[in-house]
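Report on one structure; see the data block that follows.
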2 protein chains.
Amino acid sequence: MTITIKDIALKAGVSYSTVSKALNDSPLVKPITKNKILNIAKEMGYEPNFAAQRLVSKQSKVIGLIWPTLERIAHSTVVTQINEEISKNSYSMILSINSIKDSIEMFKRFQVDGIIVFDEKNQDALKDCSLPFVTYGVGKDKSFPVIDVNYQESMDITVKYLYSLGHRRIAYVGDFSPVDERQLEKYNAVRNSLNELGLPNTENMFHTGGLDWYDGYVATKRLLQSSFKPTAIIGSSYDISAGIIRALRESNIIIPKDISVISYDNIPQMANLEIPLTSVGVPIEEIAQCMVQTLLTIIQNKETTFIKTLKPIINERVSCAHVSIEVKR
Amino acid sequence: MTITIKDIALKAGVSYSTVSKALNDSPLVKPITKNKILNIAKEMGYEPNFAAQRLVSKQSKVIGLIWPTLERIAHSTVVTQINEEISKNSYSMILSINSIKDSIEMFKRFQVDGIIVFDEKNQDALKDCSLPFVTYGVGKDKSFPVIDVNYQESMDITVKYLYSLGHRRIAYVGDFSPVDERQLEKYNAVRNSLNELGLPNTENMFHTGGLDWYDGYVATKRLLQSSFKPTAIIGSSYDISAGIIRALRESNIIIPKDISVISYDNIPQMANLEIPLTSVGVPIEEIAQCMVQTLLTIIQNKETTFIKTLKPIINERVSCAHVSIEVKR
DNA sequence: TTGAAAGCGTTACCAG
DNA sequence: CTGGTAACGCTTTCAA
């Protein structure tokens, strides 16, 4: 038998509407009464019935996060940050690792106040999402709210950065699958930037066909056997770059002496790689903060379309160097 | 304006209790009426109000999972499995990455039917959890339901396996922090097993002081400089073992020619390491299945204490070999 | 086979 | 300041 406000009312000798008010810290209750009620409630181990509350007043103070691909480390870092940011705003977060469609349905049942979507693909399922939501990725051509992490500018400053260090033969290792919009965007961004500087942008692009470190490893092996001899490599993500490093090491190529490496994903873990990797991207704290603030705004104002473009920066560690005079490769 | 069963009733020209029955596929309503109502409901875009349903009938068909440490890869694999197993049983899963205490509170509000706990520490917070739950880890001295992954037997068969391959100088690289019961259990298990075979079990234990690959890397470096020259190393987890491999490689020690390595955590990703690693532990599919089946049983039967001990196995890949006659180290 | 009505535990409003 | 009461949307008897 769970105990309700009526039980409390009985014991306190007041009406249950008064109990309700007291519990909600309403100013309409005399402090003495309020305290008395609060004490009784605690002592009886009262726990409010969420369903009942929800039934009468909307707003659950919960936001849901959809995240079908657990294993990506860059994401888990952002998700952790988002969770903190949400707590800071006195909301709670629940997470679903199912498809967008299933997740939305579940979140609706729970009447979450808003949704954050972390799935790169299948965003079509969002078309008829009646709840406020934001997504993460690329904003181009989108009719719904997205926090654009600005791959184009990221790759732009990356290429220019390498260029300023004297690099002219720059390779890219990443996934170009047409199904994954985010990866594709990075790929195109690099090609654009390279092209603008009159650098090669075709034979130097190496397709990983996947996002695990191993995919980056294999692609780099291929790169090393190709005729394109880069002085610098751009890795498309944390995991991919881990593979790049390993492949390089296996061939006894020293970073940054023999080759420079820079990676997308501006996360602290880059410092823990075998070689602390210089990285580029919007700092995750900023991504997290922007996502929840935007969502909260949408929840309150009912604004519906919203594209916010963030500013990426380069985080210099030790993996990039000036091209040496006597380049051998 | 959301639409309710009353709206449907109005349109269908029946009472709303009939609509309720039809929606719940009750046999008490004539098929024709039922179909008509169902059609109208779909056409009006009806969505049941979960809170209202919850208010009247208990049972949410949702189970919550508490998992405060996102980054551990072995865990994310199990969590994914668990999610699938839960779906198979036509439940849904939501995930919280907050502390046990906060998570329980939130899950209570959502009236989940049960909870799976994945946090190694702070299990005290479970003492007064009124909802059905199971935990994962070590069952000794526990007064609540736990799926025991049997570290003792894991380490037992590991040590015996290495012994049978001729190894006599076996090192262990892992975390011994007294705060993390699971790690401590592995540590003690190894020492026991080693002791039983009369092998050294003190100077060959290397403390990582953390669970990231880097911690394993550093500890292995230390190991290599110590006077204990092992022919085999046991790594305490996937991440730790990744660090071991890297440290070994840096010193040009070849696995398994120069040294054998075996790792705890029986997960498929072991095959993707630089050297496909022989590993030990209960297969994750089995862990996942056991956890949700047990929880479901508890939910139905209201059993409350329950310790289930699983059977670990060794998954041979290529990282362990017979000790060679001319051992050099 | 259908309908009426009584809750489920809260909140919010209106009287007192 | 406090109490009474009407919702909130649904399930579930109990009668018809």
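Just so it is clear: chains get the letters A, B, ... in the order the sequence lines come, proteins before strands, and each one is counted from 1.
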Query raised in the report: Should the pair B/F110 and A/F110 be assigned to parallel (<30°), tilted (30 to 60°) or perpendicular (>60°) ring geometry?
Result: tilted

**Report entry** side-chain N/O A/Q53 vs C/dG9 OP1/OP2, d < 4.0 Å
**Finding:** no

Query raised in the report: Can you tell me how far C1' of D/dT11 sits from CZ of B/F50, to the nearest Å?
Result: 14 Å

Query raised in the report: Taking OP1 and OP2 of C/dG3, is either one under 4.0 Å from a side-chain nitrogen or oxygen of B/T18?
Result: yes

Query raised in the report: Which angle, to the nearest 10 degrees, lies between the helix axes at the two ends of the helix from C/dT1-D/dA16 to C/dG16-D/dC1, each defined by five pairs?
Result: 40°

Report summary line: Walking DNA chain D from its 5' end, the first of A/Y16 and A/P27 to be reached, judged by nearest nucleotide, is A/P27

Query raised in the report: Counting only heavy atoms not in B/K108, do more than 12 sit closer than 6.0 Å to its NZ atom?
Result: yes

Query raised in the report: Is it the case that A/T77 and A/Q269 place a side-chain donor and acceptor less than 3.5 Å from each other?
Result: yes

Requested in this report: Specify the separation, in whole Å, of atom CG of A/D25 and atom P of C/dT10.
Outcome: 17 Å

**Report entry** Options C/dT11, D/dT11, D/dG9, nucleotide nearest the side-chain atoms of B/S20
**Finding:** D/dT11

Query raised in the report: Does the side chain to side chain donor-acceptor pair (under 3.5 Å) test come out yes or no for A/E85 and A/Q293, once each step is laid out?
Result: CA-CA 9 Å; A/E85 185 70 21; A/Q293 290 310 336; 3.2 Å; yes

Query raised in the report: For the pair made of CG in A/L23 and C1' in C/dT11, what is the distance, rounded to whole Å?
Result: 12 Å

Report task. In whole angstrom, give the distance that lies between atom CD1 of A/I5 and atom C1' of D/dG3. Result -> 13 Å

**Report entry** Ring-face cation of A/R54 near A/F50 (centre distance under 6.0 Å, axis angle within 45°)
**Finding:** yes

Requested in this report: Assign B/Y46 to base, sugar-phosphate, or nothing according to its heavy-atom contacts below 4.0 angstrom with the strands shown.
Outcome: sugar-phosphate

**Report entry** Distance, rounded to the nearest Å, where B/I37 contributes CD1 and D/dT11 contributes P
**Finding:** 13 Å

**Report entry** B/K30, NZ atom: more than 12 neighbouring heavy atoms under 6.0 Å
**Finding:** no

Requested in this report: Take the protein atom CD of A/Q111 and the nucleotide atom P of C/dT10, then report the distance between them rounded to whole Å.
Outcome: 16 Å

Query - Distance test, side-chain N/O of B/N49 to OP1/OP2 of D/dC8, below 4.0 Å - result: no

Report summary line: In whole angstroms, the gap separating P of D/dC1 from CG of A/N24 amounts to 17 Å

Requested in this report: Grab the CG-C1' distance between B/L55 and C/dT10 for me, whole Å please.
Outcome: 8 Å

Query raised in the report: Are A/S15 and D/dG3 close enough that a side-chain N or O sits under 4.0 Å from OP1 or OP2?
Result: yes

Query raised in the report: Relative to the 5' end of DNA chain D, which residue comes earlier, A/K21 or B/A52, by the nucleotide with the nearest heavy atom?
Result: A/K21

Report task. Scan B/K6 against the nucleic acid and name what it touches under 4.0 Å (heavy atoms): base, sugar-phosphate only, or nothing. Result -> nothing

Query raised in the report: Of B/S17 and B/V56, whose closest DNA chain C nucleotide lies nearer the 5' terminus?
Result: B/S17

Report summary line: Partner of A/Y136 under ring-ring contact (aromatic ring centres under 6.0 Å, His included), picked from A/W67, A/F118, A/F144, A/Y151, is A/F118

Report task. Would you indicate whether B/K11, at its atom NZ, is surrounded by more than 12 heavy atoms from other residues, nucleotides or ligands within a distance under 6.0 Å? Result -> no

